[in-house]
Amino acid sequence: MEYNFRSIEKKWQESWINNKVYRVDTDPALPKYYVLDMFPYPSGAGLHVGHPLGYIASDIFSRHKRLKGFNVLHPMGYDSFGLPAEQYAIEHGIPPAVSTAKNISTFRSQLDKIGFSYDWSREVQTSDPSYYKWTQWIFLQLFNSWYNRKADKTDSIASLEKIFAAEGNRSHECPGDRNLVFTAEQWNGYSFKEQQEILMQYRVAYCGYGEVNWCEALGTVLANDEVINGVSERGGFPVVRKKLRQWYLRITEYADRLVSGLDTVDFSDSMKEMQTNWIGKSYGAEIDFKLASADLKEDIYLKVYTTRPDTIFGVDFMVVAPEHELVEKMTTQVQRNAVDEYLAYVNSRSERERMAEKKITGVFTGAYAVNPFDGREIPVWISEYVLAGYGTGAIMGVPCGDERDHKFAQYFSIPITNIIGEHYNGEEANPTKDAILENSGFINGMVMRDAIETVISKLEEMGIGQRRVNYKMRDAAFSRQRYWGEPFPIVWKDGVAVPLPESELPVELPHLDDLRPGPEGEGPLANLPDWKNYDGGIREVNTMPGYAGSSWYFLRYMDPSNQDVFCSRAASDYWNQVDLYIGGTEHAVGHLLYSRMWTKALYDLGHIGFDEPYKRLVNQGKIGGDSRLVYRVRGTNKFVSAGLKDQYETDELHADVNMVNGFELDTDAFRKWKPDFEDAEFVLENGKYICGSRLEKMSKRYFNVVNPDDIVEKYGADTFRMYEMFLGPVEQDKPWDTKGIEGVHRFLKKVWRLFVDEEKGKILIKDEEPTAAEWKALYRMVKKVDDDTERFSFNTAVSAFMIGINELSDLKCNKRKVLEKLAVSLAAFAPHMAEELWSMLGKEGSVLNASWPKVEEQYLVETSKMYPVAINGKTRTELSIALDATQQQVEDLVLGDEVVKKWLDGKTPKKVIYVKNKMINLVI
RNA sequence: GCCCGGGUGGUGGAACUGGUAGACACGCAGGACUUAAAAUCCUGUUCGCCGAAAAAGCGAGUGCGGGUUCGAUUCCCGCCCCGGGCACCA
């Protein structure tokens, strides 16, 4: 009776479904635990072995928590709206709804084979109208809200209207336009349309204008990664920046809370740092510089934002963003052509290219800004490294204090003023705040750090500047000119965005056969007049972005089929925050910030009782592909082994990893692989064809994809699960190599043999009392597996299992009492086998309803330890010493040792360092 | 360019809070069982030196160069290389 994983796994997977063992319900009697995997996008390529890594970890954790008495919510669903399905539809004529459904079913069957404990009765799909009805509903909540800075919370637009009618907007600065000021009288005199336009500037979900990547030839807007070197990925057509009407979420209003909220959650420091940097809060000043230009007739001021007003006497040039509104006005006749030429160049470049550009580019406008303190005229330049969206879109260049400014000044031969004396060496900028200021007028002799305040006060006094907090983060663009996304529940009437009533939700995405873009950069929905024209107005034809549905899905899982609300308060009060959230770092600043913001808004509006969605976040690494390379002699069909390739002029090709054993190519399989290789010849080394290798992304294109289905078929799901964990820390990126899986499979067979004699087909379980050594081996294992699982160190947990099983095998332990606890401890990692062993032990029901074994510490107590004894830090010998030994006892013992005596060579040690339970070190 | 992460034997990795570097596996080498194979088991396996071999011993060693410390994979400074993110991929 050998370990027949195929029949065991099939049997228990069926049993789990039939007995609905993974169904969970709210149960106030039990402590809850919510484990969530990041929402997958069901891609057409299916799962490769890298995908389930996080799912296996979270599944083990969920099962572990269940064994420890928690009511565990562990759901799964699909973020099924998205660009790839739409792209696929355009290329293959298959509607997104159809390809998505097919992908989901493939995905599901792959997941099912791995034995996950998901409660599938709670599955959600973002593209399902019963789900996106509530995405639209939340959008309307955000549309009907503004951010009350005074109260620091999201509030209803109705409350804002009341305030305007009573006192205008004097206590509530307009976030969309700081210069907008009106009284109650003015407000009450405005037309409906005028009022709506003002309200739009306050709404949390608002409509504005923003730049997109516009490709005229394709007639469509492109995502950043569809643009390569200024041309479209598809077709290579030119792409330019274009302003289009867009929806936005006013996430900037939540910036402070998004930063401070990080103190209340358990994310890695690096994750918190990334989010904090992304939000990019800075303190500084806005300063108005009067412009002087030969061609200027009127007084114009250039507003710059700086975090270092103390360096104002070191300003040698100004730089404005190419999109800056004053560019047109301040450019002089002489510089006109040069400026136009430069603007055309910049317009062809994406923002990312601009930020990543090392080459210095720029053009002089011909205008000068006047330093308000010493009257110096400072040239104003345009350069792509200044972005319109950040600060005021204009900076003051201080070459001696900022490296990028320094390079700019050097490149364009702008003379550099030194305000920090010897702290500036003329070679590179020094961003210090601790230097004493020189050449700095009224702040001469001050420490820079202190001068910041002095200058701001002075500016405010003079009325040409003010203190300003600034954020690098910008409001989130919330519309896409695409088809496969949530429609907006908005109808435009006479230029006013009118929200549809809740009773009309969901606004269903109409069926569309032709997904060509609409006119003027609009999405495909613009091509559907019957749908578009509605109730005397025109529907919003943009759709929502991918992150809409994923910003709140964790709430829907709590109450997935509720028809009346997005999630009942009873459900969200019970399940509350996600206790453990697992996913990749690539979502660090997108998804995580958006869903944190939505949660805060829903909390402020009273719909849920907590304002951070994820209590603990663990980032899983990626599993890379280990590609195999073959080398073809150029112009021939002859392939040379890797070790000999330098003797020839060769081209490198990818060979399918499935026809390579380790590094040795199966040459027959290779010949059969493609007709081109049918008569391939091989130059071998030591009779073998050895492939080269390279770690890269697991992708069809590199023929390095390993499908979990194949692994499960060959070794079983339990082996696959444990091997994925054994590969290394979950958080770390690592390559996949199927070879090592044998070790884990052997381990499981070894477990099996503790229960069963494979040859005689007899069950070995005995009712004898276990020995102390057996208990010790078991409990040491149980304890370490528990600790390691709790701290997410699954690879070391697996090795603890191996060590424990090796010991129990050596002890030939078949004692029932030990094996029962062993079966339970294995239930999270190898659930199928654990169930089989559990029933073999004569137990009723699922092993998941058992309890995690309690460790009896008395079996683990040690009385002595083998201490390493080092002399001057080098370990020279080992001594067994009682754990309760005193310093004196240790010194006597150590100094009496032969090896130690030899090294001491008659000398007395200066010092004997004895760290209890660690080591001993003699200093001589 | 900016932000974040990583670099340890032939390979994946371990060393949790500054305390025996290489646990546990893979691979490899040798052996046992077997007519043979599979399966299983045993021994060895960081590198170099010494040595017929074994044992013992010596030296070096955690990307590179410095530093702090009785002691550094771990902390600090400076570099090199690789991966992720940078706002319309999800």
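In what follows, chains carry the letters A, B, and so on, assigned in the order in which the sequence lines appear, proteins first and then strands, with residues in each chain numbered from 1.
Judged purely by distance below 3.5 Å, without hydrogens or angles, the side chains of K242(A) and N213(A) never pair a donor atom with an acceptor atom. No side-chain donor-acceptor contact under 3.5 Å links W552(A) and S595(A). Between the side chains of T276(A) and W278(A), no donor-acceptor pair is found at a separation under 3.5 Å. A side-chain donor from one of Y715(A) and E742(A) sits under 3.5 Å from a side-chain acceptor of the other.
Spacing of C1' atoms, G61(B) relative to G9(B), comes out at 10 Å, to the nearest Å. Distance noted for atom C1' between G10(B) and C64(B): 23 Å (whole Å). For C33(B) and A39(B), the C1' atoms lie 11 Å apart once the distance is rounded to whole Å. Spacing between U35(B) and G22(B) at atom C1', rounded to whole Å, works out to 42 Å. Comparing U46(B) with A32(B), their C1' atoms sit 28 Å apart, to the nearest whole Å.
I279(A) places none of its side-chain heavy atoms less than 4.5 Å from the side chain of K472(A). Using a 4.5 Å heavy-atom threshold, the side chains of V541(A) and Q481(A) count as separate.
Among the nucleotides G12(B), C88(B), C58(B), the one closest to any side-chain atom of R876(A) is C58(B). For K734(A), taking side-chain heavy atoms from C-beta onward, the closest of the listed nucleotides C24(B), C88(B), G13(B) is G13(B). Set against G85(B), G12(B), G19(B), the side chain of M919(A) has G19(B) as its closest nucleotide. Ranking A90(B), G19(B), G12(B) by closeness to the I913(A) side chain, first place goes to G19(B). When distances run from any side-chain atom of Q481(A) to the nucleotides C88(B), C24(B), U20(B), the shortest one goes to C88(B). Comparing G12(B), C4(B), U40(B) by their closest approach to the side chain of R753(A) singles out U40(B). Comparing C88(B), G27(B), G1(B) by their closest approach to the side chain of R404(A) singles out G1(B). In the set C24(B), U20(B), A87(B), the nucleotide with an atom closest to the side chain of K472(A) is A87(B). Checking A14(B), G19(B), C3(B) against the side-chain heavy atoms of V915(A) singles out G19(B) as nearest. When distances are taken from the side chain of K784(A) to each of C16(B), U20(B), G27(B), the shortest belongs to C16(B).
Atom P of nucleotide C24(B) and atom CD1 of I741(A) are separated by 21 Å, given to the nearest angstrom. When rounded to the nearest whole Å, the span between NZ of K739(A) and P of C24(B) equals 21 Å. One can place CH2 of W278(A) at 12 Å from P of G85(B), the figure rounded to the nearest angstrom. Separating the CG atom of N921(A) from the P atom of G18(B) is a distance of 18 Å, rounded to the nearest angstrom. Atoms CG (L811(A)) and C1' (C41(B)) sit 16 Å apart, rounded to a whole Å. Atom CD in Q87(A) sits about 14 Å away from atom C1' in A90(B), given to the nearest Å. Rounded to whole Å, the distance from CG on D733(A) to P on G6(B) is 11 Å. In this structure, N795(A) places its CG atom 18 Å from P of G22(B), rounding to the nearest Å.
Within 4.0 Å of M271(A), counting heavy atoms only, lies no atom of the nucleic acid at all. Within 4.0 Å (heavy atoms only), V212(A) reaches at least one base atom of the nucleic acid. Contacts of E86(A) with the nucleic acid, taken as non-hydrogen atoms under 4.0 Å apart, are absent. Nucleic acid contact for E2(A): none, since no nucleic acid atom lies under 4.0 Å from a heavy atom of the residue. Within 4.0 Å of L727(A), counting heavy atoms only, lie sugar-phosphate atoms of the nucleic acid but no base atom. Counting non-hydrogen atoms under 4.0 angstrom, M866(A) reaches a base of the nucleic acid. Counting non-hydrogen atoms under 4.0 angstrom, P729(A) reaches the backbone sugars and phosphates but no base. Using a 4.0 Å heavy-atom distance criterion, S793(A) is classed as making no nucleic acid contact.
G65(B): Watson-Crick or G-U partner is C77(B), with both key distances under 3.5 Å. Using the Watson-Crick or G-U wobble rule with both distances under 3.5 Å, C2(B) pairs with G85(B). Base pairing of C70(B) is made with G19(B), judged by Watson-Crick or G-U wobble geometry with both donor-acceptor distances under 3.5 Å. Under the Watson-Crick and G-U wobble criteria, each requiring two contacts below 3.5 Å, nucleotide C58(B) is paired to G48(B). When Watson-Crick and G-U wobble pairs are counted only if both distances are under 3.5 Å, A53(B) pairs with no nucleotide at all. Base pairing of A25(B): its partner is U11(B), meeting the Watson-Crick or G-U wobble criterion (both donor-acceptor distances under 3.5 Å). Across all strands shown, U40(B) forms a Watson-Crick or G-U wobble pair, both distances under 3.5 Å, with A32(B).
Within the 4.0 Å cut-off from OP1 or OP2 of C58(B), at least one side-chain nitrogen or oxygen of W903(A) is found. At the phosphate of C41(B), OP1 or OP2 sits under 4.0 Å from a side-chain N or O atom of K750(A). Dashed line: the shortest gap from a side-chain N or O of Q732(A) to OP1 or OP2 of G13(B) is under 4.0 Å. The side chain of N806(A) contributes an N or O atom lying less than 4.0 Å from OP1 or OP2 of A25(B). Not one side-chain nitrogen or oxygen of R791(A) sits closer than 4.0 Å to the OP1 or OP2 atom of C16(B). Phosphate proximity of C86(B) to R474(A): absent, as no side-chain N or O sits under 4.0 Å from OP1 or OP2. Taking side-chain N and O atoms only, K749(A) has no distance below 4.0 Å to OP1 or OP2 of A39(B). For A60(B), the OP1/OP2 oxygens have a side-chain nitrogen or oxygen of K874(A) closer than 4.0 Å.
Residues W247(A) and F478(A) keep their aromatic ring centres 6.0 Å or farther apart. Outside the 6.0 Å centre-distance limit, the rings of Y78(A) and F39(A) are not counted as a close aromatic pair.
Salt-bridge annotation for E486(A) and R480(A): absent, with no side-chain N of the basic residue lying under 4.0 Å from a carboxylate O of the acidic one.
Put simply, the side chain of E273(A) and the base of C3(B) share no donor and acceptor less than 3.5 Å apart.
Using a distance-only test at 3.5 Å, with no hydrogens or angles considered, no donor-acceptor pair links the side chain of R780(A) to the main chain of I803(A).
In this structure, R746(A) and M274(A) both approach RNA chain B, and ranking their closest nucleotides by distance from the 5' end singles out M274(A).
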